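Report on the following structure.
What you see is a predicted model; the values in this text were computed from it and never measured. Numbered from 1 within each chain, the chains take letters A, B, ... in sequence-line order.
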2 protein chains.
Amino acid sequence: MIISKTCGYGIRGVVYLATKLEEDRKVGIHEIATELEIPQHFLAKILQELVRKKVIHSVKGPHGGFYVKELVLGMPVLDIVEMIDGDGYKTRCFMAIEECSSENPCPLHRDFFVFRSGIVKMLKQKTIGELSKGVFEGQSFLSYRLN
Amino acid sequence: MIISKTCGYGIRGVVYLATKLEEDRKVGIHEIATELEIPQHFLAKILQELVRKKVIHSVKGPHGGFYVKELVLGMPVLDIVEMIDGDGYKTRCFMAIEECSSENPCPLHRDFFVFRSGIVKMLKQKTIGELSKGVFEGQSFLSYRLN
DNA sequence: AGATAAAAAGACCTTTATATCCTTTTTATG
DNA sequence: CATAAAAAGGATATAAAGGTCTTTTTATCT
């Protein structure tokens, strides 16, 4: 639905780390996965990829873990979506027509286009910082267990 | 993206049949699959299910095939989406949080909700007849090969 | 230096979605 | 009635997504 589960997990992981920014510590994968109720090894993989992409950072060894730098707060959520799911969302047709486009539209192309660009615009505006702020202030949640 | 490929195929199949309504003939699976560029046996399965659900109809034997009745023209596209994909779209969370809801929202719940309900409303309004009309009049296409 | 704790990496497994193949049933028509 | 055309049904195959396990690497502490 819109984005992959993997991608949703990734965003939640990053936002979780962002809420811990002030604590100035490394967060272990066990804690993150437990708190977010995401399979630990699977989340580890996703976070590793985001480390490679420099969205988040990690330190090995005792007292190691994952963390984010202040800079990430300004990152649009869309960036993470593209890193994990690619940019297929830009062209993918509602009706699964490979060549569907504005010049060659499926019967739902125009109607659907409006919503899709709205979603993309929204994801481009929303930053990790905004999401983590909402969570920090208790207006939204990253998992059921965290409220 | 939003709906399954299977579901997209199904909608296209039904709409294709709707464009043939006036011709008053049964359309073979081979023709439908070829014209829509969908794997034949796979589409057959999908259409068979829609026959069971009485969305379309079929006749076996020589000169048999699939066809629709006039009544289907008034059917909302959403009906077919629900028949094939179920109603998971109603609750599924952008960030893959199982219990995400208005009372217990993920950080993107509100923003996303607006778009989702817009899409659902649109799919509830759009009928098979409207889609087939657009195709019939050459304003939209059900496959690249059909323009 | 050695022990330990943690992430990184890679191999492997499971499930779901998508796709194919083969056989059976039905039915129109010569 | 025989035949051929067509859908229906069942079993299987392939691909992609999701998830698990084991080993390797590395930082830190004693």
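When distances run from any side-chain atom of Lys60(B) to the nucleotides dT4(C), dA8(D), dA9(C), the shortest one goes to dA8(D). The nucleotide whose nearest atom lies closest to any side-chain atom of Pro62(A) is, among dA8(C), dT18(C), dA27(D), dA27(D). Closest approach to the Val51(B) side chain among dT28(D), dT20(D), dA8(D) is made by dA8(D) (side chain taken as heavy atoms from C-beta onward). Which of dC21(D), dA27(D), dA19(C) sits closest to the side chain of Val59(A) comes down to dA27(D). Here the nucleotide nearest the side chain of Lys45(B), chosen from dC21(C), dA11(C), dA5(C), is dC21(C).
Formation of a donor-acceptor pair under 3.5 Å by the Arg116(A) side chain with backbone atoms of Arg92(A) is found in this model. Judged purely by atom type and a 3.5 angstrom limit, Asp85(B) uses its side chain to pair as donor or acceptor with the backbone of Ser4(B).
The residues Glu31(A) and Arg25(A) are annotated as salt-bridged, a charged nitrogen and a carboxylate oxygen being separated by less than 4.0 angstrom.
Annotation: the span from Lys20(B) atom NZ to Ser132(B) atom OG amounts to 11.0 Å, rounded to 0.5 Å.
If you check the side chains of Thr127(B) and Glu130(B), you find a donor sitting under 3.5 Å from an acceptor.
Atom pair Tyr67(B):OH and dA7(D):P shows a separation of 13 Å (rounding to whole Å applied). As rounded to whole Å, 19 Å separates atom P of dT22(D) from atom CZ of Phe42(A). As rounded to whole Å, 13 Å separates atom P of dA16(D) from atom CZ of Arg92(A). The separation between Lys5(A) atom NZ and dT15(C) atom P is 13 Å, rounded to whole Å. To the nearest angstrom, P of dT20(C) lies 12 Å from CD1 of Ile46(B). Rounded to whole Å, atom C1' of dC22(C) lies 14 Å from atom CD of Gln40(B). The CD1-P distance, from Ile32(B) to dA5(D), rounds to 18 Å in whole Å. Summarising the geometry, the separation between NE2 on His30(B) and P on dA6(D) is reported as 10 Å, rounded to the nearest angstrom.
A sub-4.0 Å separation between OP1 or OP2 of dT18(C) and a side-chain N or O of Thr6(B) is present. Remark: Ser4(B) is not in phosphate contact with dA17(C), judged by side-chain N or O atoms under 4.0 Å from OP1 or OP2. Within the structure, a side-chain polar atom (N or O) of Ser58(B) is placed less than 4.0 Å from OP1 or OP2 of dA8(D). Lys26(A) has no side-chain polar atom (N or O) that falls below the 4.0 Å cut-off from OP1 or OP2 of dA5(C). In terms of phosphate contacts, Arg52(A) brings a side-chain nitrogen or oxygen within less than 4.0 Å of OP1 or OP2 of dA9(C). Look at Gln48(B) and you won't find any side-chain N or O under 4.0 angstrom from OP1 or OP2 of dA7(D).
Among the atoms of the strands shown, base atoms are found under 4.0 Å from some heavy atom of Gly61(A). Residue contacts for Ile29(A): at a heavy-atom cut-off of 4.0 Å it reaches the sugar-phosphate backbone alone, with no base atom in range. In this structure, His63(B) reaches the sugar-phosphate backbone alone: every heavy-atom distance under 4.0 Å involves primed, P, OP1 or OP2 atoms, never a base. If you check every strand for non-hydrogen atoms under 4.0 Å, Tyr9(B) touches sugar and phosphate atoms only.
Near DNA chain D, defined here as any heavy-atom distance below 4.0 Å, there are no residues from residues 78-87 of chain A.
Heavy-atom contacts from other residues, nucleotides or ligands closer than 6.0 Å to NZ of Lys121(A) number 12 or fewer. The number of heavy atoms from other shown groups lying within 6.0 Å of CZ (Phe136(A)) does not exceed 12. Remark: Glu137(B) CD is packed, more than 12 non-hydrogen atoms of other residues, nucleotides or ligands lying under 6.0 Å away.
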